[in-house]
K.L.:
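So that we are looking at the same thing, I have put the structure below in structure tokens.
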There are 2 protein chains.
Amino acid sequence: MAKLDFSPIADTTRRAEIVALLRRAILTGQLEPGQKLNELRISEQMRVSRAPLREAMRELVQEGILTSIPYAGTFVIDVTAKDIIDAYSLNKVLDEFAIELAWPQRDQRFFDELDRRHEAVKQATRALDTTRQIETALQLHGLIYEWADNSVLLETWQRLTSRLQMYFALHQRARNEPVPAEDVHETYVALLKGADMRAAQRHAREHIDLDFEELLGYARGLEKRASKN
Amino acid sequence: MAKLDFSPIADTTRRAEIVALLRRAILTGQLEPGQKLNELRISEQMRVSRAPLREAMRELVQEGILTSIPYAGTFVIDVTAKDIIDAYSLNKVLDEFAIELAWPQRDQRFFDELDRRHEAVKQATRALDTTRQIETALQLHGLIYEWADNSVLLETWQRLTSRLQMYFALHQRARNEPVPAEDVHETYVALLKGADMRAAQRHAREHIDLDFEELLGYARGLEKRASKN
DNA sequence: TCTTGTTAGATTGTCGACAATCTGCTTGTC
DNA sequence: GACAAGCAGATTGTCGACAATCTAACAAGA
């Protein structure tokens with residue numbers, strides 16, 4: 001018996017593809033917060049019937065990036081400053097926990113993967129591909145969750161990540177400057193390779209606070225705009 | 001203008017009702033882990049078409065209590081010992097965080113609600129209604145999350161709660177003894193009313209460990225049964 | 001006997017049409 | 001002009017039927 005292990009083949013339902021398409025559109029900000037999703041229009045554009053589209057939308061509602069009001073419609077979630085604050089403060093707590101769990105699990109594969117993902121971030125940064133930069137940075141960040149070996153924690157983080165990615169994308173869209181070219185993850189990666197777990201946890205916390213400051217500025221702008229309506 | 005605030009009227013879509021029915025069936029253990037949900041059979045029993053049923057099932061898949069394999073079917077999630085351990089260890093972390101956030105928010109309404117929910121648990125216990133006892137105990141537990149004023153945290157806990165409720169129900173079903181009549185929440189409630197936040201956090205952690213021991217016994221049984229297949 | 005190909009039945013995925021509900025406009029009344 | 005009633009169009013919710021896929025039983029061949 002050959003020891004080759006195959007990866008599961010791709011889901012080939014329309015529903016799964018629609019979910020992927022919609023999620024991407026939302027997380028990259030192509031669909032704006034609060035925007036209504038017209039079922040007929042979207043199903044025609046995608047050349048599918050409304051049934052799989054609606055099922056896909058139900059999934060994204062549960063995923064927390066769409067919201068649905070019976071007989072009124074399904075909308076991209078609104079983003080408030082408080083949402084961003086809430087997501088970030090929870091993220092801090094989860095990060096600390098994930099590092100604690102992942103710490104004794106670190107092995108060569110972990111370090112290799114860490115470098116690989118770090119490299120992906122740097123490459124996206126050099127290419128000035130902001131969307132990909134956000135994606136890869138979150139994937140780098142997610143490594144500790146994958147190594148924590150706690151399925152519920154991983155699932156929770158993936159849900160949270162969706163929102164964070166959306167927030168960052170909106171933030172990037174709002175300010176039309178290029179992204180910072182410097183590498184903010186160098187220290188983080190080094191600490192995860194080191195021997196001082198507490199230091200890694202502390203840095204994760206502070207590192208988050210850094211990006212957080214930027215996002216908060218954007219969030220405050222949102223609040224102002226909202227209050228005018 | 002009268003200051004009366006109305007609660008939202010009930011969702012009147014079949015989909016919402018189906019979700020509630022199915023969730024209840026799963027969380028009370030009427031639908032067993034691993035069991036397949038036959039769409040045609042269920043839709044006929046409920047006298048609805050498959051469309052709203054399928055949408056409801058997609059929601060529950062995202063909610064984490066169903067799992068779906070394309071063209072094969074949708075199944076109640078399997079429960080392994082590790083799942084229970086994972087859920088509990090995350091719950092500990094979230095509890096600590098929730099208490100920290102809720103602590104300064106405690107007001108008279110909080111204390112009243114605390115007593116009310118505590119009373120509901122005691123009543124269910126006296127009535128030997130195990131299902132309701134689990135429900136009310138989790139609702140009592142959820143109060144700190146509602147007062148923490150962090151929407152993402154609350155949402156996360158509600159997802160986690162679904163599973164915990166399912167685990168407890170399975171546990172109760174497995175052992176055919178009546179539930180303990182003593183009140184294990186007395187100290188918890190008292191500490192939440194007190195002034196020592198750290199003590200409350202510590203107790204939440206230990207209190208969880210208590211129930212956890214019981215559940216683990218059940219989980220180990222599951223593992224043994226699974227290994228025989 | 002084991003493997004492979006075939007087929008029938010059951011089940012899931014998708015479609016197009018109809019029913020229920022909402023929204024905004026128009027009309028009529030005061 | 002203000003306001004309520006009612007109508008028309010658009011959109012969401014639901015249905016029944018068909019297509020795609022899987023499963024299991026059976027047959028054929030090595």
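Keep in mind that what you see is a predicted model, and the values were worked out from it rather than measured. Side chains included, hydrogens not; waters and symmetry mates left out as well; all remaining heavy atoms used.
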K.L.:
Check whether any side-chain heavy atom of Thr131(B) lies under 4.5 Å from a side-chain heavy atom of Leu27(B), and answer yes or no.
P.N.:
no

K.L.:
Does some side-chain heavy atom of Ser68(A) sit less than 4.5 Å from a side-chain heavy atom of Met57(A)?
P.N.:
no

K.L.:
Can you check the Asn38(A) CG to dA10(D) C1' distance for me, whole Å?
P.N.:
9 Å

K.L.:
Considering only side-chain heavy atoms of Ser49(A), which listed nucleotide, dA17(C), dT11(C), dT14(C), is closest?
P.N.:
dT14(C)

K.L.:
Considering just the side-chain nitrogens and oxygens of Arg50(A), establish if one lies under 4.0 Å of OP1 or OP2 belonging to dC15(C).
P.N.:
no

K.L.:
Less than 4.5 Å apart, any side-chain heavy atom of Ser151(A) and any of Lys82(B)?
P.N.:
no

K.L.:
In whole Å, what is the span from the CE atom of Met46(B) to the C1' atom of dG16(D)?
P.N.:
19 Å

K.L.:
Measure from the side-chain heavy atoms of Pro52(B) and tell me the nearest of dT12(D), dC15(C), dC15(D).
P.N.:
dC15(D)

K.L.:
Hey, does Arg14(A) reach any base, or is it just sugar-phosphate, or nothing, if we go heavy atoms under 4.0 Å?
P.N.:
sugar-phosphate

K.L.:
For Ile18(B), report the nucleic acid contact type (base, sugar-phosphate, nothing); a contact means any heavy atom under 4.0 Å.
P.N.:
nothing

K.L.:
Among dG13(C), dC15(D), dG13(D), which nucleotide has an atom closest to any side-chain atom of Ala51(B)?
P.N.:
dC15(D)

K.L.:
Quickly work out the Leu40(A) CG to dC18(C) P distance and round it to whole Å.
P.N.:
15 Å

K.L.:
Whole angstroms only, please: what is the CZ-C1' distance between Arg54(A) and dT14(D)?
P.N.:
8 Å

K.L.:
By nearest heavy atom, map Ala72(A) and Glu55(A) onto DNA chain C; which one lands nearer the 5' end?
P.N.:
Glu55(A)

K.L.:
With heavy atoms under 4.0 Å as the rule, sort Arg15(B) into base, sugar-phosphate or nothing.
P.N.:
sugar-phosphate

K.L.:
Take atom CZ of Phe75(A) and atom C1' of dT12(D), then tell me their distance rounded to the nearest Å.
P.N.:
11 Å

K.L.:
How many whole angstroms separate atom CD1 of Ile42(B) from atom P of dA10(C)?
P.N.:
18 Å

K.L.:
Does a side chain donor of either Asp95(A) or Tyr145(A) reach within less than 3.5 Å of an acceptor in the other side chain?
P.N.:
yes

